[in-house]
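Below, chains carry the letters A, B, ... as their sequence lines are ordered, and counting in each starts from 1.
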Number of protein chains: 6
Amino acid sequence: VRDKLVGVIRVVPRHLWELYVRATSRGQDLPVTVVIGVHPAVTLATALSPRFGVFEVDVASKLLGNLQVYESPIHGNPVPLGSAIVIEGFLSRDMAEEGPYVDVLATYDRVRMQPMLKALKVYINVDELTHVILPGGLESSMLIGFPREAAIWDAVSRVVARVHKVRLTPASGGWLHAIISIDKRHEGDAKNAMMAAFAAHPSLKQVIVVDSDIDPDNPSEVEWAIATRFQADEDLVIIRNVRGSTLDPSSRDGLTAKMGIDATKPLNAGIEYEKPRIP
Amino acid sequence: VRDKLVGVIRVVPRHLWELYVRATSRGQDLPVTVVIGVHPAVTLATALSPRFGVFEVDVASKLLGNLQVYESPIHGNPVPLGSAIVIEGFLSRDMAEEGPYVDVLATYDRVRMQPMLKALKVYINVDELTHVILPGGLESSMLIGFPREAAIWDAVSRVVARVHKVRLTPASGGWLHAIISIDKRHEGDAKNAMMAAFAAHPSLKQVIVVDSDIDPDNPSEVEWAIATRFQADEDLVIIRNVRGSTLDPSSRDGLTAKMGIDATKPLNAGIEYEKPRIP
Amino acid sequence: VRDKLVGVIRVVPRHLWELYVRATSRGQDLPVTVVIGVHPAVTLATALSPRFGVFEVDVASKLLGNLQVYESPIHGNPVPLGSAIVIEGFLSRDMAEEGPYVDVLATYDRVRMQPMLKALKVYINVDELTHVILPGGLESSMLIGFPREAAIWDAVSRVVARVHKVRLTPASGGWLHAIISIDKRHEGDAKNAMMAAFAAHPSLKQVIVVDSDIDPDNPSEVEWAIATRFQADEDLVIIRNVRGSTLDPSSRDGLTAKMGIDATKPLNAGIEYEKPRIP
Amino acid sequence: VRDKLVGVIRVVPRHLWELYVRATSRGQDLPVTVVIGVHPAVTLATALSPRFGVFEVDVASKLLGNLQVYESPIHGNPVPLGSAIVIEGFLSRDMAEEGPYVDVLATYDRVRMQPMLKALKVYINVDELTHVILPGGLESSMLIGFPREAAIWDAVSRVVARVHKVRLTPASGGWLHAIISIDKRHEGDAKNAMMAAFAAHPSLKQVIVVDSDIDPDNPSEVEWAIATRFQADEDLVIIRNVRGSTLDPSSRDGLTAKMGIDATKPLNAGIEYEKPRIP
Amino acid sequence: VRDKLVGVIRVVPRHLWELYVRATSRGQDLPVTVVIGVHPAVTLATALSPRFGVFEVDVASKLLGNLQVYESPIHGNPVPLGSAIVIEGFLSRDMAEEGPYVDVLATYDRVRMQPMLKALKVYINVDELTHVILPGGLESSMLIGFPREAAIWDAVSRVVARVHKVRLTPASGGWLHAIISIDKRHEGDAKNAMMAAFAAHPSLKQVIVVDSDIDPDNPSEVEWAIATRFQADEDLVIIRNVRGSTLDPSSRDGLTAKMGIDATKPLNAGIEYEKPRIP
Amino acid sequence: VRDKLVGVIRVVPRHLWELYVRATSRGQDLPVTVVIGVHPAVTLATALSPRFGVFEVDVASKLLGNLQVYESPIHGNPVPLGSAIVIEGFLSRDMAEEGPYVDVLATYDRVRMQPMLKALKVYINVDELTHVILPGGLESSMLIGFPREAAIWDAVSRVVARVHKVRLTPASGGWLHAIISIDKRHEGDAKNAMMAAFAAHPSLKQVIVVDSDIDPDNPSEVEWAIATRFQADEDLVIIRNVRGSTLDPSSRDGLTAKMGIDATKPLNAGIEYEKPRIP
């Protein structure tokens, strides 16, 4: 925030950036309506990254069954009914330094030149609470990771018999580390699953594959599987200098080393690989 | 061929095998109508491996615009008009040794117990030529490879900016070796492309990624790219003991070592990496 | 348990085994007094594995300040006052199959020929509660891991400037996986720490080294450090075919692959490596 | 070409360079007679790189049985009868920038300071055709590769039972990639052959070893051997940071990674490794 | 030596350096009494590096049974009776360039800014011989290596059944290379021994482990063990980029690659692994 | 020795074996004259392994300037004048078990079926001393290694500027380990030298390359070069599963892992890499 009505915001190079570039290349600022404090389904819809041309408001409407919107006073953009704060203004051609702010990985992202948001009017609905999402926290990782988990599920399902669960872990921002439980039918299946996961989500840095008796949401079970079903010389895959997430501070100009851990038991495993049960 | 009307045929574990298993588990032979000598579009349709429930005859009809069929005399199965040979009979619950015959990789496949085909009648259309496909030859590799090339194209397109061409090489039976030309935008892109290709076609054993100035259908250009743009310690990816094709005689119980070769030039490459032009 | 007064017990090859071998080599059964249900400090003392010749009862006495014991009625062995159950009898030269029981790793150990415990008398103090330790549970891992954590602390302290915390994780039975937080003074320190840890506890299979801003008891912080400070091609150490724990079902005749993960940040790390703070 | 009678030419550091250095160190230009358009056997002789002191004109004479020469008008150097163009002049102590021209690898070589060729007279035999060799083309690779193939044959013959064919591939300029077919008597023979090849031709970057049933001049057969007889984790040899060809743009100050591919079948190979035959 | 009474000396960052820093931080020079030409037991005592607070004069006294000392005339420091040269003076706050001198590895150490030694008086006992130790020679390596050999013995004894001999080799300055002979009870023992050795002496760069029939002091026996009992792909351990000795010129900012060689025979070795005996 | 006139001897598969096979395939025993106790030059000549057709007696004659021989009484074979013992007889078609005897590596070779030597007459020159060569000792390694050192010299000379010394070490039987000192002109030269050495002597298992200031005959200098000029992650070459010596007990069916150590200093090395000199 630079002034009462002026701030700088980070625009990641997706749809809004595309619209901003189109406007500025015509010598214009981009008229925007910023909405803060909405129904969680609206938030989720905005995180799904549908392809260009699909409007996230329509997605939210689908998720909710029905979403009532009204036209914003200045630009006439659709605003969900019950929004807490609405800002109308322009994404200016003027840029300024933004950051360093904490990003999805819970690390400080670097300072970047970003567009200034120049507000014309700010409407505050004093009867509404505003739900603020802490970057790098659990909500952030769930919103970010959700559509990627679906993409990984889809890709891995094509190469192994059955996928049980896919989880992008909260501790990695819902972005860098995946845990996948599968039904293993052939030795080697876990490594095929790794490649499918790396292909489905190029930012993925680490993937752990476990059997269906291990719950990816239970870190103790996953660690127990690594302790008792994994040998680092046979069951580890490392791919060097491949494109990963530029948010990872340890990456090298966006190149990273991806690691896959096959913590599945052998197909012919005996009782020594079973989870104990209290009789 | 065991007798005038009796032979043994290889049924790979896909749709026909599923139907055969359903029949035999009910204690019945499976009534079949074998059609030999058809329009190439029909042959192509049968090689596409659509999902269970999609009838290849409908696919062929789509490809040709229109496909005329008649009902077979005994079982009433649809037979394309103009087929050269039609055999009506049963896939018997009796099995016998089949092979060793040459398979798609141009290697002798192992001997297997397979169902016997017991013919009731064989109709031969003496006015038609029969187009026989040599296993392991160019036609075989093109038919087999075609749908997989499409799957690889689709998967790689999701991780790199643009795919130019995907070729499963004839010398590898259109099955084990792929060459992919891409537009490279980031260092590391080629390795992301490799993983997408291995995920899209699990039998794939080797993939070579080249820049868009190299034609995957020109082996000399591809080899020249490897000779002048590849360093084996930095640009090679090997994944050990992952599931591959059981047809490959060098595989170990279906486990194989997959190899990826990044023969793209660096992003900042100078004139020394350019293909020479005769002025 | 084979009979009212007869059971089979696992005697690991340490002090009791030594005493048993001495007795049986003289052709005698070993007189034993089994005590169940004691003060936790006594339990801890028995888990410390002091060197042969140091009596665990003395250690317990030291821990408690004072430990009152009485002589057992038959063999005259010292029994802590307030014990819940006391069994007097012999470890017989006769052996029988023991197991499969769950061991410290929470896996089923294999069946072994072990000595039979033949009881003469069983005294039960009906006023006392008996504290049973579940093998593979948290108490088991804490008791087992405690003395090893001290040994690792001692060894790592000799090769790096300062050790903050050493934890053998509960999910690995307090036995296979360690997490160590250190003050790093030189690049490479973390790898020296790994070797010291592997030397101090030969059963150790995996060690993760983190900076002092990461708490080894907080799995999320440890995973975050791996996600943002670790590169698998530079920061990973694997030692193949070295002696590890025979309890690990994935080990090969006691040979295992040990893995070390250096999740410390570089010495000259900037703000992008810092943990975010809410202002 | 700088002027009607003045050009710059690349003199590689072999015999002519030695003569030029001797002359210039005495403060003199080197008198030369350049001959263009000769019998192919003369061209071949000049490419053989015999040791210093053996005159290539004598080699050509040996190859042809008889070679008629006459003395050049100005310097009295021997000129083959029937040469198309003869230039008499001096390799001047003056140097100038040469290039970038395409070299044997079909890449643009870098610009170098090279001696100027100052012609006194140019004789053109209007009745003769001049055979110009395109650098990087098939003739260039055959002329360059021929003597190296002989050296590789000689070296490999000393370590394996029998060598069938050695080919430096045209696509690698007849310089960087070799394919060698051998009779294999012991497992491991192919890797011994690789080392002999790398020793015999230090510029060699890649060598593929195949069995005698594979023709090194048939790229499809060679690729088929790699597809069906090679496993990248067992049959690949990589030597890092060894001296290779400075012409390779991907080399690092002349250091390269050499790669050897053992595409021979096992000694006890069954029918599944055989080339199919049409009965 | 800069002047008749002024020189520069290298003070390694141990106890004397600590005392020097304490004095200079108070704005004072450090009064010192330099003693040259003493009983070898005194020299050995000074090389043992006991912990801060233990006086090396006391250690020497212990080693000799009795050590007579007198007070130095100026500072009153204890001087062993019979010392050849005694210099009294100050380690000045002034520093100057020292070196390049040869260090324990028999390499030229780099030039450093070091304290000047300003002498007040030099006493020379004309009846005594002075024993000068050549840096990098055998005496230097024995003095330096002795306490480290004891530390390695101690650490390795904790992980293998029995250690026979530990030798830090003279050719590596008694500092970088160790040879350890052990009784091997389990496959893998030698690698556990390596890690214990690397942990016990962080400057260690190479360790060779042999069986008890091989004498670490006999280089021919050690090499014979490597020639006949070692396979470089199974028995070699390399740890990259770990902290080692900064004296090693090939190290990278103190980071080095440590190498362990397991030259022990298999546990079930037959007669072909035995040392031959003349009947 | 089986009887007064009958023994079993090991015939390695070279020239004598070829002659024996020719005789036995004609159904005949091979007439032989065994000569023991000759001039060292004759012994050396027999160790040179010239190609089939070159008579070692002629080589010895060349080495000595002149060698007087006489015809043996029974077979008329040439016998050097002054030989201590001459045995005339036959290599019989009958075979028997030979060994286990100590071979050149100073290990017990395995027992083999070998031809029996049936003597007709044994002549002993009582005035001559017999020089017996101890297998595995220094003389054995020098005789065996000499011609291989020459072959390695020849091969390495073709790939590096200058070779100073080649030594096959006595401790490896003059057979498995080589040390080569070279003039290094390019980084990477040492690795080219390794490959040339492995190609020149396929039994070679380890090669160490040093600079010309290091004497391969001085083990301390060689070890010092490894300690101060070698980094195991950059300067080590390992070739797995390549054919080596079957005499090495650690080899796997004749397959071995060859190791090359580049202990040369960098081309731009400073004073810290120099050998110290006493001023």
Side-chain angles (χ1 to χ4, degrees), chain E residues 100-103 105-110 134-136 169-173 175-177 205-206 218-236 238-241 247-252 256-260 263 265-266 269-278, chain F residues 100-103 105-110 134-136 169-173 175-177 205-206 218-236 238-241 247-252 256-260 263 265-266 269-278:
Chain E
Y101 288 124
V102 173
D103 210 322
L105 297 188
T107 52
Y108 288 96
D109 198 6
R110 65 176 171 275
L134 198 69
T169 67
S172 73
W175 201 241
L176 294 186
H177 289 184
K205 187 182 178 186
Q206 180 184 288
N218 184 333
S220 287
E221 287 196 358
V222 174
E223 187 185 347
W224 179 80
I226 295 174
T228 64
R229 299 177 178 180
F230 167 74
Q231 284 285 315
D233 53 349
E234 292 294 329
D235 303 326
L236 191 76
I238 293 175
I239 318 279
R240 295 185 59 221
N241 284 338
L247 293 175
D248 172 7
S250 69
S251 73
R252 299 163 291 225
T256 194
K258 294 178 190 273
M259 180 163 81
K265 52 188 173 183
I271 189 180
E272 73 275 16
Y273 278 99
E274 277 180 29
K275 280 204 296 189
R277 291 167 201 286
I278 295 175
Chain F
Y101 287 124
V102 173
D103 210 321
L105 296 188
T107 51
Y108 289 96
D109 198 4
R110 66 172 171 277
L134 198 68
T169 66
S172 73
W175 200 241
L176 293 187
H177 290 184
K205 187 180 177 187
Q206 180 183 288
N218 184 332
S220 287
E221 288 196 357
V222 174
E223 187 186 346
W224 179 81
I226 294 174
T228 65
R229 301 176 176 180
F230 168 74
Q231 284 284 316
D233 53 348
E234 291 294 330
D235 303 326
L236 191 74
I238 293 175
I239 318 279
R240 295 183 60 220
N241 283 340
L247 293 175
D248 172 7
S250 69
S251 73
R252 299 164 289 227
T256 196
K258 295 178 189 270
M259 179 162 82
K265 52 188 173 182
I271 188 180
E272 73 275 16
Y273 278 100
E274 276 180 30
K275 280 204 297 188
R277 289 168 203 284
I278 296 175

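Checked by atom type and distance alone, the side chain of F/Tyr108 never pairs as donor or acceptor with a backbone atom of E/Glu274 at under 3.5 Å. Side-chain N or O atoms of F/Trp224 include one that pairs as donor or acceptor with a backbone N or O of E/Leu105 at under 3.5 Å.
E/Pro276 approaches F/Ala106 most closely through the heavy-atom pair CD-O, 3.0 Å. The minimum heavy-atom distance between F/Glu223 and E/Ala171, with the atom names listed, is OE1-CB, 3.4 Å. Across F/Thr228 and E/Pro249, no two heavy atoms sit closer than the pair O-CG, 3.5 Å. Of all the heavy atoms in E/Ala227 and F/Lys205, the pair that sits closest is O-NZ, 2.8 Å.
Counting only heavy atoms from C-beta outward, the side chains of E/Ser250 and F/Tyr273 approach each other to under 4.5 Å.
Put simply, of F/Met259, F/Gln231, F/Lys265, the one with the most heavy-atom pairs under 4.5 Å next to chain E is F/Gln231. Of the residues considered (E/Val222, E/Asp109, E/Thr169), E/Thr169 shows the highest number of contacts with chain F, using heavy-atom pairs under 4.5 Å.
Using a 4.5 Å cut-off between heavy atoms, E/Pro100 touches chain F through its side chain atoms alone. For a residue to count as touching a neighbouring chain, one of its non-hydrogen atoms must lie under 4.5 Å from one of that chain's; by this rule E/Leu247 does not touch chain F. Interface residue E/Ile226: backbone and side-chain heavy atoms are both found under 4.5 Å from chain F. Neither the backbone nor the side chain of E/Glu221 comes within contact range of chain F, judged by heavy atoms closer than 4.5 Å. With a threshold of 4.5 angstrom between heavy atoms, F/Arg110 does not approach chain E through any atom at all. Contact annotation for F/Lys275: only backbone heavy atoms (N, CA, C, O) come within less than 4.5 Å of a heavy atom of chain E. Proximity to chain F (any heavy atom under 4.5 Å) is shown, for E/Ile271, by both the backbone and the side chain. In this structure, the portions of E/Asp233 lying under 4.5 Å from any heavy atom of chain F include both its backbone and its side chain.
Within the model, atoms CG of F/Asp248 and CD of E/Glu272 stand 10.5 Å from one another, a figure rounded to the nearest 0.5 Å. For the atom pair E/Gln206 CD and F/Phe230 CZ, the distance stands at 7.5 Å (nearest 0.5 Å).
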